[in-house]
Amino acid sequence: MNVLILPIDPVFNSKTRLLLFIIVTVVVSSAFTTMRAVVFRNMVFKNILILCSILVPISCLFRFLGLNYARMVVFSDMSMQEQVASVGLFGGVFQHSMMLGPIAAVVAVYFFFAYQSYGQKKIYIVLFIMSVLACFFSASRGAVLSMIVPIVFAVLSGQGDAGTKKKTKMIVIVAILAILPFANSVFNGIVEKQQRNVEMGSTFGSRHDKFTYRWNEFTSSPLMGVGFASIDPNGGDDYGLDGTIEPGSSHMAILSMTGIVGVLCYLALIIFAYCCVKGEDNTSARFRKALLIAMLLHGCWEGYVFSGGGFLCLLYWIIVGQAIDYKYLKKYGLFKE
């Protein structure tokens, strides 16, 4: 609604971006709850997981092979190995490390639960470890956090039968023992990035200014925000000639772009999605809940929630939709562990 009311600078192409966002959310979220729509979204979700589950382990292998397909700007005298090892430049088969990080986190959570669901197949442990490594290699602290927290939550929640609890502890212990020999290489990127931010003045130095801009935009227009997929052009934040922006946080972006009205609608949707899987003690529900937690955490540090043409936006909203769809999978008798 604010796209029609607010005087948004045309450079941000807010109406076009809103159209793309609507298309994405209508297709992958729970806008329609018919059986056919639920089955379709579940199929899309499974195919996305399959694709990502192939690309992420390959990206892990690329690190050891010295390969990197991420787009980067580097000095001409840097060797390929130096480029791959540079903090924040490794993306594996993805265009950017910020793509690899959250996708690897999602895939790691998937293999974590796949080991519990499909029997104690050692291949799932191997793929889980490779996904964890890929997430760390991306040097994205937000992605690492969004991977670790839901897994720790699943381990400590104590849900599931005795066999499930045993499998949960087993895969975590094996992963830790397997990663320890590579600890220096695995954690080096995260440590270097953290040191860089401390030198900038705070733990979240790379995001501090972005958070400040978003908060200032919200306080300047608290009810409706500054406009969908836009920022205050006079607020001090940078934006591209084509109107591309980097909000710095999905949740802060919703606050600044849509104001209190948008935030209340967003919170209502997220709370409803969480309630659909809360208290459900089976692997499918716990998997969906873990993915929801992962994406909500990662959304604190990356602002792709309204980027209708981006894959991470698609991934974010399809995971929210899958949490809600769990309710309808049970309703229509389509539920499978």
Side-chain angles (χ1 to χ4, degrees), residues 48-65 67-70 72 84-115 123-155 168 171-194 196-197 204 206-207 250 287 290-302 304 310-312 315-316 319:
I48 288 176
L49 278 181
I50 291 172
L51 176 62
C52 292
S53 298
I54 295 172
L55 297 179
V56 168
I58 292 176
S59 294
C60 178
L61 291 176
F62 271 27
R63 175 60 183 257
F64 294 102
L65 296 174
L67 301 174
N68 187 14
Y69 285 161
M72 61 184 75
V84 170
S86 297
V87 177
L89 293 182
F90 179 73
V93 299
F94 299 93
Q95 291 187 331
H96 199 283
S97 62
M98 294 299 102
M99 280 283 290
L100 171 62
I103 294 174
V106 167
V107 172
V109 172
Y110 167 64
F111 285 130
F112 175 78
F113 282 95
Y115 177 71
I123 185 62
Y124 289 124
I125 297 181
V126 174
L127 293 173
F128 171 70
I129 293 171
M130 294 178 72
S131 301
V132 170
L133 289 173
C135 188
F136 275 103
F137 289 153
S138 74
S140 171
R141 294 167 299 165
V144 170
L145 186 66
S146 67
M147 174 185 64
I148 292 176
V149 170
I151 291 176
V152 171
F153 180 81
V155 173
T168 298
I171 190 172
V172 172
I173 293 173
V174 172
I176 292 175
L177 293 177
I179 292 174
L180 280 178
F182 309 99
N184 185 55
S185 174
V186 171
F187 302 118
N188 184 58
I190 298 292
V191 173
E192 285 189 27
K193 183 173 282 190
Q194 182 60 30
R196 183 188 304 168
N197 281 303
F204 304 106
S206 61
R207 287 290 182 272
S250 288
F287 170 55
L291 287 185
L292 182 62
I293 293 172
M295 294 309 292
L296 289 176
L297 280 173
H298 192 256
C300 293
W301 320 115
E302 296 295 337
Y304 46 75
F311 180 76
L312 290 181
L315 187 63
Y316 187 92
I319 286 175

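This structure is a prediction, so every number in the text was calculated from the model and none was measured. Values below: every heavy atom of this structure, side chains too, minus hydrogens, waters and symmetry copies. If you read the sequence from its start, that first residue is 1, and numbering goes on from there.
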Just how far is it from atom [atom1] of [X] to atom [atom2] of [Y], taken to the nearest 0.5 Å?
| X | Y | atom1 | atom2 | value |
| --- | --- | --- | --- | --- |
| Tyr110 | Ile48 | OH | CD1 | 13.0 Å |
| Thr168 | Ile173 | OG1 | CD1 | 10.5 Å |
| Tyr115 | Ile125 | OH | CD1 | 4.0 Å |
| Leu133 | Ile179 | CG | CD1 | 5.0 Å |
| Phe137 | Ile190 | CZ | CD1 | 11.0 Å |

Nearest atoms (heavy-atom pairs only) where [X] meets [Y]:
| X | Y | value |
| --- | --- | --- |
| Phe111 | Ile171 | O-CD1, 4.1 Å |
| Ala105 | Ala143 | CB-O, 3.6 Å |
| Ser53 | Pro57 | O-CD, 3.0 Å |
| Ser138 | Met98 | O-CE, 4.2 Å |
| Cys135 | Gly101 | SG-O, 3.7 Å |
| Tyr304 | Gly299 | OH-N, 4.0 Å |

4.5 Å side-chain heavy-atom contact, [X] and [Y]:
| X | Y | answer |
| --- | --- | --- |
| Leu312 | Pro102 | yes |
| Leu55 | Ile103 | no |
| Tyr316 | Leu296 | yes |
| Leu67 | Leu61 | no |
| Ser140 | His298 | yes |
| Val56 | Met130 | no |
| Ile319 | Val106 | yes |

Between [X] (side chain) and [Y] (backbone), is there a donor-acceptor pair under 3.5 Å?
| X | Y | value |
| --- | --- | --- |
| Ser59 | Val93 | yes |
| Ser131 | Ala104 | no |
| Asn68 | Gly91 | yes |

Notebook entry, point to check: Is the distance between the ring centroids of Tyr69 and Phe62 less than 6.0 Å?
Noted result: yes
Next item on the list: Over 60° means perpendicular and under 30° means parallel, so classify the ring planes of Phe112 and Phe128, tilted if in between.
Entry: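 Tilted.
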